[in-house]
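Written below as structure tokens is the structure these notes are about.
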Amino acid sequence: MICSSSLRLSGSGTGTRNSPSPPASSENSDESLSQVRRIKASPQLNRWSRARSIRSGRKLDRSAVSATVRTESRDKSGSPVRSELEIELPMSPKGDSRSGSSDDEKEINGGKPIFMVSDGTGWTAEHAVNAALGQFDYCLVDRVCPVNTHLFSGIDDVEKLMEIVKQAAKEGAMVVYTLAEPSMAQFAKQACQHWGVASSDILGPITEAIAGHLGVSPSGLSRWAPERQKSPLSEEYFRRIEAIEFTIKQDDGALPRNLHMADIVLTGVSRSGKTPLSIYLAQKGYKVANVPIVMNIDLPNTLFEVNPEKVFALTINPVVLQSIRRARAKTLGMDGELKTNYCDMDYVKEELEYAGKIFAQNPVWPVIEVTSKAIEETAVIVLRLYHDRKNRCSMPRISKRY
């Protein structure tokens, strides 16, 4: 799609009046259909804005300027299609004496706002922003630079998009967007630039880079567009359901005869994170079985009979393991009169040493240290090694411990 857009602002109450846009020539009329629509304010956003203003004790800002957004695109036959959109945008908060300083705004709202705009569920935008905010933990935790995030999902038309940009201008917010349709992304970029709203396009640059690398054009459709949802119950959906059902049945060493049916087999001592990691991987469509290692209890023979390249060993720091087991024992009522060596440090160390010997006897099993890793981090390592082995890729490494 070829798309170009322009924005024209006309002053309001400035003493001068801009003449209306000239009508399209007959030549242009033959080529295209020009239409002007008045954008109606979103009731939900208006209610949200009024509530925020009332809570903060500020008067509602009624000052506004009118803006015309002109777009030109081409249909499937290649004929140009032009349209105009008229909107009303409030004056810049910097020009309103009632809005106060930026420090006052931050104090009133509890943090600088970031608007996340998506034509789908907003998962990509939300996780990208959260990942970026992770680089500012040093000031977010102490509330030195507090942030408020607001997610706007399912934004699939210009009216909704412009209303959000209008709100961002009023609130002094930053707009982060993932809009698959090029014209929508262009609208967001042009509007934010014209009205001085800080913005960032998350999806556009990577999509353009991949398109250049593959030598094909992107579809421009949202991931959740009806055209891409011909079969909601797809093969992938059933594969994930089957993987979750399999993983639940194989939890904690149950049905060891089915280990050969698993895509991934996890093993390690009790409370080393096997079950939550199994469920996480199952939600991604992998059939996972986990086998606990307990002293004086023989491991199933099938663990050593399956393909060793799909077995992954988990280990953990003894001090951390002891604290986890103590918390677990407390929830099970094992910390009272009931005596057990489950949480005893000597037993914990001995069990880890016992597991380490088994790992050493099976050098093909990667040993993953999970002490300081989140489930997602451990899953990334497991899947990387799994696919490297499946595709026969080899990567140099210093040791087999990860």
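Computation of the quantities below employed the complete heavy-atom set of this structure, encompassing side-chain atoms and omitting hydrogens, waters and symmetry-equivalent molecules. Quick caveat, the model's predicted, so the values are computed rather than measured.
Comment: Glu163 does not engage Lys160 in a salt bridge, judged by the lack of any side-chain N to carboxylate O separation of less than 4.0 angstrom.
With Asn362 contributing its side chain and Phe304 its backbone, the two residues share no donor-acceptor pair below 3.5 Å. The backbone N or O of Arg325 sits nowhere less than 3.5 Å from a side-chain atom of Arg271 that would complete a donor-acceptor pair. For Glu181 (side chain) and Ser183 (main-chain N/O), no donor-acceptor pair under 3.5 Å exists by modelled atom type. In this structure a side-chain-to-backbone donor-acceptor pair under 3.5 Å is present from Asn290 to Asp252. Formation of a donor-acceptor pair under 3.5 Å by the Asn307 side chain with backbone atoms of Lys310 is not found in this model. Under the 3.5 Å distance criterion, the side-chain polar atoms of Thr371 are matched with a main-chain donor or acceptor of Asn317. Counting only distance, with no hydrogens or angles, the side chain of Thr247 and the backbone of Val288 share a donor-acceptor pair below 3.5 Å.
Ring planes of His127 and Trp123: parallel class, angle under 30° (limits at 30 and 60°). Taking the six-membered ring for Trp and thresholds of 30 and 60 degrees, Tyr286 and His387 have ring planes more than 60 degrees apart, a perpendicular arrangement.
Considering only heavy atoms from C-beta on, Leu303 comes within 4.5 Å of Trp365 through its side chain. In this structure, the side chains of Val269 and Tyr354 stay at 4.5 Å or more apart for every pair of heavy atoms. Here the side chains of Met345 and Pro318 are in contact, with some heavy-atom distance below 4.5 Å. Using a 4.5 Å cut-off on side-chain heavy atoms (C-beta onward), Val364 and Arg389 make contact. Counting heavy atoms from C-beta outward, Asn258 and Lys249 have side chains that stay 4.5 Å or more apart.
Atom OG in Ser118 sits 10.0 Å away from atom CD in Glu126 (nearest 0.5 Å). Rounded to the nearest 0.5 angstrom, Ile155 CD1 and Met184 CE are separated by 7.5 Å. Annotation: the span from Thr267 atom OG1 to Leu314 atom CG amounts to 8.0 Å, rounded to 0.5 Å. Separation of atoms CG (Leu352) and CD (Gln322) is listed at 11.0 Å; rounding is to 0.5 Å. Between the NZ atom in Lys390 and the CG atom in Asp263 there is a gap of 7.0 Å [rounded to 0.5 Å]. To the nearest 0.5 Å, atom CD1 of residue Ile248 and atom OG1 of residue Thr275 are 10.5 Å apart.
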List the steps and the verdict of side-chain contact (heavy atoms from CB on, under 4.5 Å) for Leu385 and Glu309. CA-CA 9 Å; Leu385 295 173; Glu309 291 191 347; over 6 Å; no
Test Val348 against Val319 for side-chain contact (heavy atoms from CB on, under 4.5 Å), laying out the working first. CA-CA 9 Å; Val348 170; Val319 176; over 6 Å; no
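For the residue pair Tyr280/Thr378, the side-chain donor-acceptor check at 3.5 Å is not satisfied.
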